[in-house]
Amino acid sequence: MDCIFCNIIKGDIKSYTVFEDEIVKVMMDINPVSNGHMLIIPKKHFVNLEDIDIKTLSHIQEVAKDMFKLLKDKLNIDGLTLSQNNDYGQEVKHYHLHLIPRYKNDNLKMSSNNKKDDIKTIYEKIMK
Ligand code: AMP
């Protein structure tokens, strides 16, 4: 299987590595949404949230906390948005958590003007 993130982990492709341990690598996103945009990727290949195990997932969250502190200390960020795509919208099919630094007045917004059903209808579908 040819996976770009597995190739990065193997060292076949270079990356700007911020941190690594036995379980994860944290690297700069090659096409950043904002200054300091990083990705936390597990060294073992998991496709998505369905696939990954809880132990690895909780380690990723621990590392995210450390990176938040690092970004605050080094880049003086005002906030941090975590995002993680699964299946549709997921370009690289190797689990990764985006750490997207926020800066006051940066105007980064998730699109909110796309068509949506009313909350009650959706809530009832979820709770049924
Ligand atoms: P997603 O759409 O959630 O799968 O996001 C994939 C992310 O991986 C994108 O933000 C890309 O910019 C990033 N990316 C792709 N190739 C590389 C690479 N070689 N090094 C660092 N980031 C990469």
Side-chain angles (χ1 to χ4, degrees):
M1 176 203 39
D2 198 36
C3 166
I4 188 164
F5 286 179
C6 287
N7 289 333
I8 288 174
I9 285 154
K10 269 192 275 167
D12 293 347
I13 298 175
K14 283 194 178 154
S15 67
Y16 291 97
T17 301
V18 176
F19 170 82
E20 70 183 308
D21 61 16
E22 337 65 77
I23 301 166
V24 296
K25 183 193 263 294
V26 183
M27 63 181 181
M28 304 308 294
D29 193 298
I30 206 170
N31 187 17
V33 170
S34 66
N35 287 334
H37 182 172
M38 297 174 180
L39 302 173
I40 306 181
I41 58 179
K43 291 195 166 171
K44 198 174 155 200
H45 183 91
F46 299 101
V47 176
N48 59 21
L49 186 61
E50 250 178 339
D51 196 26
I52 195 167
D53 63 85
I54 294 293
K55 213 169 154 224
T56 308
L57 204 53
S58 74
H59 184 67
I60 288 171
Q61 293 301 319
E62 258 181 73
V63 173
K65 278 173 78 81
D66 294 343
M67 294 304 111
F68 187 22
K69 185 174 184 322
L70 181 79
L71 286 162
K72 274 186 160 173
D73 290 350
K74 301 294 173 83
L75 297 186
N76 203 23
I77 66 172
D78 296 312
L80 186 68
T81 296
L82 304 188
S83 86
Q84 192 262 314
N85 295 312
N86 294 279
D87 301 341
Y88 183 71
Q90 181 183 3
E91 182 197 321
V92 178
K93 307 294 189 209
H94 178 130
Y95 181 99
H96 52 282
L97 181 65
H98 292 261
L99 272 56
I100 303 171
R102 302 297 306 269
Y103 300 90
K104 274 178 194 153
N105 306 316
D106 62 14
N107 258 331
L108 288 183
K109 274 201 188 96
M110 303 280 280
S111 166
S112 57
N113 51 9
N114 55 335
K115 196 180 168 301
K116 281 167 282 216
D117 296 328
D118 70 283
I119 293 173
K120 189 165 172 281
T121 309
I122 298 300
Y123 176 72
E124 283 167 1
K125 274 190 188 168
I126 293 169
M127 300 307 287
K128 196 156 71 179

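Keep in mind that what you see is a predicted model, and the values were worked out from it rather than measured.
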Show every donor-acceptor pair shorter than 3.5 Å between a side-chain atom in residues 66-77 and any protein atom, with sequence neighbours excluded, or say none if there are none.
from, atom 1, to, atom 2, distance (Å)
Lys69, NZ, Asp73, OD2, 3.0

* **Contact list for residues 9-49, test ring-ring contact (aromatic ring centres under 6.0 Å, His included), sequence neighbours left out** =>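 Matches after skipping sequence neighbours: His37-His98, His45-His94.
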* Asked: Yes or no on side chain to side chain contact (heavy atoms under 4.5 Å, CB included) for Gln84 and Asn86, after CA distance, side-chain angles and deciding distance?
  -> CA-CA 7 Å; Gln84 192 262 314; Asn86 294 279; 3.0 Å; yes
* Asked: Of the non-hydrogen atoms in Pro101 and Leu108, which two are nearest, and what is the gap between them?
  ->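 Closest pair (atom of Pro101, atom of Leu108, distance): O-CD1, 4.3 Å.
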* **Reported CG-to-CG distance for the pair Asp29 and Leu99, which is rounded to 0.5 angstrom** =>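 If I round to the nearest 0.5 Å, the distance is 10.5 Å.
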* Asked: Atom CD in Glu62, atom CD1 in Ile23: separation rounded to 0.5 Å?
  ->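 Reported to 0.5 Å precision, the distance equals 8.5 Å.
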With no hydrogens and no angle check, is any side-chain donor or acceptor of [X] less than 3.5 Å from a backbone partner on [Y]?
X: Asp51; Y: Val47; value: yes
X: Lys104; Y: Gly79; value: no
X: Gln90; Y: Asp87; value: yes

* Evaluate side chain to side chain contact (heavy atoms under 4.5 Å, CB included) for Ser15 paired with Lys25, printing each intermediate quantity in order. => CA-CA 10 Å; Ser15 67; Lys25 183 193 263 294; 3.9 Å; yes
* **Student check: side-chain heavy atoms of Ile122 and Ile119 closer than 4.5 Å** =>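 The answer is no, as the side chains (C-beta and beyond) never meet within the 4.5 Å cut-off.
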* Do Met38 and Ile100 come within less than 4.5 Å of each other through their side chains, counting heavy atoms only? ->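 Not in contact.
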* Asked: Does the pair Glu20 and Val26 meet the rule for a side chain to side chain contact (heavy atoms under 4.5 Å, CB included), with working shown?
  -> CA-CA 6 Å; Glu20 70 183 308; Val26 183; over 6 Å; no
* Asked: Do you reckon Leu80 sits in the same ILVMFWY cluster as Tyr103, going by side-chain contacts under 4.5 Å, direct or chained?
  ->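 Per the 4.5 Å side-chain linkage, Leu80 and Tyr103 are co-clustered.
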* To do: Output the rest of the hydrophobic cluster of Phe5: all Ile, Leu, Val, Met, Phe, Trp and Tyr residues reachable through side-chain heavy-atom contacts under 4.5 Å, sorted by chain and number.
  =>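 Same cluster as Phe5: Ile4, Ile8, Ile9, Ile13, Met27, Leu39, Ile41, Val92.
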* Go through the steps to decide whether Leu57 and Leu49 satisfy the test side chain to side chain contact (heavy atoms under 4.5 Å, CB included), and finish with yes or no. => CA-CA 9 Å; Leu57 204 53; Leu49 186 61; 3.8 Å; yes
* In terms of side-chain geometry, is the basic nitrogen of Lys120 or Glu124 positioned less than 4.0 Å from the acidic oxygen of its partner? ->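 Yes.
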* To do: With Tyr95 as reference, evaluate Ile60, Asn85, Ile40 under the side-chain contact (heavy atoms from CB on, under 4.5 Å) test and give the passing residue.
  =>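 Filter result, single survivor: Ile60.
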